[in-house]
Amino acid sequence: AATKSLLQVRELEAWYGESHVLHGIDLEVGEGEVVTLLGRNGAGKTTTLKSMMGVIGKRKGSVSFAGEETIQLPSRAIARLGIGYVPEERGIFSSLSVEENLMLPPQVKPGGLSVQQIFELFPNIKERLSSQGTKLSGGEQQMLAIGRILRTGANLLLLDEPTEGLAPVIIDQIGATIRMLKSRGFTIVLVEQNFRFAQTVADRHYVVEQGRVIDMIANAELDANIDKLHRYLGV
Ligand code: ATP
């Protein structure tokens, strides 16, 4: 059955100063879907997430979320609609405890998880509650960064390379976390370098090249398209 569309991006362009980086991104994500953005370094994947979150100054085109046009909205207003962003660098504050980090983002929408519910999802974070944020392992920091976004009430999660720099066993845990979030109805757009990981969590994959979406591959078709994908990714 076709899922209800939650996010539609049309002809999205973005600039850093004078530098024109996105030249027309088109994609669509259904409610409850997990979709990845694949592509080489510098293709524009991170910039696509930042543009959807409204943290790129100059952008143009259309980003429609739950029926609302957001291209002109400031990032705080976009967050209030229910979009949460976990940047690649995770944004954990070293001077704050795990608990303080968890409480940091304001609740923007009803329906956010309670701290108790977040602990149930991420038991090892509970054990580290009074530790300093950056004393956590990379995997724990990633869980904390995802956990605190769940508090805000966001139902669309934008995750930028959550597996970056993590050991294989931790990558498996992140994969299990993403599948669990999907089963609870969250919609996820994930930037990934590692398409083998992407294959374990996603419904569909968009290929980004030079600021454009150049292809879309259903997860079930990924193996059949492996040569093409290798060419796209230059691996
Ligand atoms: P990566 O995996 O390397 O992050 P990416 O596909 O996410 O790749 P982006 O980070 O979106 O790519 O970068 C797209 C282009 O924009 C690149 O050419 C990059 O050099 C440029 N760029 C990224 N951030 C900035 C910035 N703050 N100022 C100027 N140019 C930038």
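Every number for a ligand or one of its atoms is a count from 1 in the order of the listing. Keep in mind that this is a model prediction, so the values were computed, not measured. Sequential numbering from 1 along the given sequence is applied to the chain's residues.
- Of the protein's non-hydrogen atoms, the one nearest atom 22 (N) of ligand 1 is Y16 CE1, 3.5 Å.
- Side-chain atoms of E69 and S62 form a donor-acceptor pair, as typed in the model, at a separation below 3.5 Å.
- When hydrogens are left out, the protein atom nearest atom 11 (O) of ligand 1 is T47 OG1, 2.5 Å; that is the closest non-hydrogen contact.
- At under 3.5 Å, not a single nitrogen or oxygen of T48, backbone or side chain, sits near a nitrogen or oxygen of ligand 1.
- Residue contact check for ligand 1: K50 places no non-hydrogen atom closer than 4.0 Å to it.
- Heavy-atom proximity to R40, at under 4.0 Å, picks out these atoms of ligand 1: 6 (O).
- Looking from atom 1 (P) of ligand 1 to the surrounding protein, the closest heavy atom is G42 N, 3.7 Å.
- Here the side chain of R40 pairs a donor or acceptor atom with the backbone of Y232 at under 3.5 angstrom.
- Counting protein heavy atoms only, atom 12 (O) of ligand 1 is closest to G44 N, 3.2 Å.
- Ring orientation note: the planes of H20 and W15 are close to parallel, at an angle under 30° on the 30°/60° scale.
- The two atoms that bring Y16 and V21 nearest to each other are CD1-CG2, 3.4 Å, heavy atoms only.
- A salt bridge links D223 with R196: the closest approach of a Lys/Arg side-chain nitrogen to an acidic carboxylate oxygen falls below 4.0 angstrom.
- Of all protein heavy atoms, the one lying nearest to atom 15 (C) of ligand 1 is V21 CG1, 3.5 Å.
- Geometrically, ligand 1 and K45 share a nitrogen or oxygen pair separated by less than 3.5 Å.
- For atom 19 (C) of ligand 1, no protein heavy-atom neighbour is found at a distance under 4.0 Å.
- The ligand atoms of ligand 1 that sit less than 4.0 angstrom from a heavy atom of E161 are 2 (O).
- Residue contact annotation: G39 has no non-hydrogen atom under 4.0 Å from ligand 1.
- Ranking protein heavy atoms by distance to atom 10 (O) of ligand 1, first place goes to T46 CB, 3.6 Å.
- When all heavy atoms of L96 and N101 are compared, the pair lying nearest together is O-ND2, 3.3 Å.
- Salt bridge E120/K126: absent, no basic N to carboxylate O contact under 4.0 Å.
- Residues L7 and M52 share a closest heavy-atom pair of CD2-SD, 3.8 Å.
- The line from CZ of R204 to CG of N219 is 11.0 Å long, rounded to the nearest 0.5 Å.
- Between the side chains of Q193 and N41, at least one donor N or O lies within less than 3.5 Å of an accepting N or O.
- The N/O atoms of A43, backbone and side chain alike, include one that comes under 3.5 Å of an N/O atom in ligand 1.
- In this structure, atom 2 (O) of ligand 1 lies nearest to the protein heavy atom Q193 NE2, 2.9 Å.
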